[in-house]
Amino acid sequence: MERSRSVKSTWLSRLLKRPSERAPSDQLLPFAESIQELARIGGVSSVNLPTDLAVPGILIPTCLAATANYLIAHGRTTPGIFRISGQTRIVTALYNHYMSQIHAHEGNAPQSIETTIRTAVLPSDVNYVVHDIASAFKKFLNEIPGGLLGSMKIFRELAAIIPGTLDLAVDPDHSEESQKKALRKPIAMILSGADCNERLCLIVAVFGLLAHLTASSDRTPPSPHHDPTARTEQDETMSPRAFAIVFAPLFVGDL
């Protein structure tokens with residue numbers, strides 16, 4: 001009888017403690033300590049980019065792969081993608097869904113585990129739209145220590161060789177395509193200096209996603225009912241310059 005009471009008391013005490021241990025719905029859980037930890041415990045998944053934009057099956061942290069794959073599938077037809085903010089409550093729920101997977105194993109994951117492969121799926125109990133997913137994607141990037149590039153040196157080297165890349169084709173003696181091709185090798189050499197393979201794969205995936213969305217915005221014809229004199233933020237497609245403005249602060253994060 002005493003043992004039964006003891007078991008019941010222990011179970012009740014745990015049950016009563018659970019609500020206080022959970023993060024409130026509007027409170028963000030702590031992020032992983034590093035991009036390596038995010039991948040090791042949070043897991044990695046493949047990104048479904050076209051083969052001309054990234055190596056097939058490239059692996060990045062699951063939280064970023066799941067949101068990126070959704071944006072690859074649905075972001076091309078969404079005006080103002082990444083510029084229009086998602087709902088804070090929904091973005092927080094998406095963020096905490098993936099961070100809770102890390103904290104559930106915090107302190108219990110063997111150091112011998114190098115990589116956890118997960119399926120890149122979004123939570124089924126969260127009602128989201130494209131702008132919520134885009135905001136969650138940016139939130140994950142923003143929380144990565146060192147930002148996307150992880151190095152001011154890499155940032156400065158890229159900035160030094162890509163002056164005016166947002167306005168290519170200013171040189172009448174070289175086509176836009178030839179200028180882009182000339183930049184590929186030096187850019188690859190600079191990015192090879194990333195501090196870890198997890199970061200390099202993520203850089204490739206993010207650049208590939210933005211190229212994918214930019215190409216679609218370049219080809220999207222305006223609506224026949226669109227009034228060019230009454231442009232709004234919601235109407236506008238995202239140009240390379242618009243993407244640069246949104247993503248530039250995420251490149252170096254807290255450095």
Side-chain angles (χ1 to χ4, degrees), residues 28-78 81-82 86-87 89-106 108-109 113-145 147-150 191 194 196-216 243 246-247 250 253:
L28 294 170
L29 290 169
F31 197 73
E33 293 183 1
S34 67
I35 189 171
Q36 295 97 323
E37 196 76 355
L38 181 65
R40 191 177 77 86
I41 302 178
V44 293
S45 307
S46 61
V47 182
N48 304 322
L49 279 164
T51 55
D52 61 328
L53 295 177
V55 177
I58 190 170
L59 297 174
I60 64 173
T62 298
C63 58
L64 286 151
T67 47
N69 284 337
Y70 187 89
L71 295 172
I72 291 167
H74 304 284
R76 296 172 68 114
T77 57
T78 304
I81 189 74
F82 287 122
Q87 300 179 66
R89 177 177 59 84
I90 302 300
V91 174
T92 299
L94 291 166
Y95 175 92
N96 283 344
H97 170 78
Y98 293 102
M99 291 306 106
S100 65
Q101 295 176 355
I102 295 177
H103 292 287
H105 300 285
E106 192 173 24
N108 299 320
I113 295 178
E114 294 184 2
T115 305
T116 302
I117 305 295
R118 295 186 186 274
T119 303
V121 294
L122 293 167
S124 58
D125 59 342
V126 179
N127 295 319
Y128 48 77
V129 296
V130 179
H131 294 298
D132 299 323
I133 300 299
S135 292
F137 183 83
K138 287 194 301 180
K139 177 63 178 175
F140 291 131
L141 288 179
N142 186 61
E143 294 297 319
I144 294 175
L148 176 62
L149 299 179
L191 295 182
C196 62
N197 187 62
E198 291 86 353
R199 193 181 300 277
L200 178 58
C201 288
L202 181 57
I203 292 171
V204 172
V206 171
F207 284 6
L209 172 63
L210 296 181
H212 175 73
L213 297 175
T214 302
S216 67
F243 280 128
V246 171
F247 276 81
L250 306 177

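- Note: Leu122 CG to Leu94 CG = 7.0 Å, rounded to the nearest 0.5 Å.
- Considering only heavy atoms from C-beta on, Tyr98 comes within 4.5 Å of Pro123 through its side chain.
- You'll find the side chain of Val44 reaches within 4.5 Å of the side chain of Ile117, heavy atoms only.
- The nearest pair of heavy atoms linking Thr51 to Pro56 is CG2-CG, 3.8 Å.
- Relative orientation of the Phe137 and Phe82 rings is tilted, given thresholds of 30° and 60° on the angle between their planes.
- Between Ser135 and Gly86, the closest heavy-atom pair is OG-N, 2.8 Å.
- Between Glu33 and Pro145, the shortest heavy-atom distance links the atoms O-CG, 3.4 Å.
- Within the structure, side-chain hydrogen bond (donor to acceptor under 3.5 Å, both in side chains) pairs that include any residue of residues 60-72 comprise Ser45-Thr62 (at least two apart or interchain).
- A donor-acceptor distance shorter than 3.5 angstrom exists from the side chain of His103 to the backbone of Pro30, with no hydrogens or angles considered.
- You'll find the side chain of Leu202 reaches within 4.5 Å of the side chain of Leu141, heavy atoms only.
- Ala205 and Ile60 get closest at one heavy-atom pair: CB-CG2, 3.9 Å.
- Annotation: side chain of Val47 is in contact with side chain of Ile72 (closest heavy-atom distance under 4.5 Å).
- In this structure, the side chains of Leu38 and Glu198 stay at 4.5 Å or more apart for every pair of heavy atoms.
- Note that the CG atom of Leu59 and the CZ atom of Arg118 stand 13.5 Å from one another [nearest 0.5 Å].
- Counting only residues at least two apart or in different chains, salt bridge (Lys or Arg N to Asp or Glu O under 4.0 Å) contacts with residues 121-145 comprise Lys139-Glu143.
- Here the closest heavy-atom approach between residue Val204 and residue Ala54 is recorded as CG1-CB, 4.2 Å.
- Here the closest non-hydrogen pair linking Leu209 and Ala68 is CD1-O, 4.2 Å.
- Enclosure of atom CG in Asp52 by more than 12 non-hydrogen atoms of other residues, nucleotides or ligands within 6.0 angstrom is indicated.
- At least one side-chain heavy atom of Leu64 sits less than 4.5 Å from a side-chain heavy atom of Ile144.
- Checking side-chain atoms of Arg199 against main-chain N and O of Gln36 turns up no donor-acceptor pair under 3.5 Å.
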Inset, instruction - Under the side chain to side chain contact (heavy atoms under 4.5 Å, CB included) rule, what do Phe247 and Leu148 come out as? Steps first, then yes or no, please. - result: CA-CA 9 Å; Phe247 276 81; Leu148 176 62; 6.0 Å; no
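- For the side-chain contact (heavy atoms from CB on, under 4.5 Å) test, residues two or more places apart in sequence or in another chain that qualify with Asn197 are Cys201.
- Residues Met99 and Ile102 have side chains in contact (heavy-atom distance under 4.5 Å, counting atoms from C-beta outward).
- Residues Leu29 and Asn96 meet the side-chain proximity criterion, which asks for heavy atoms closer than 4.5 Å.
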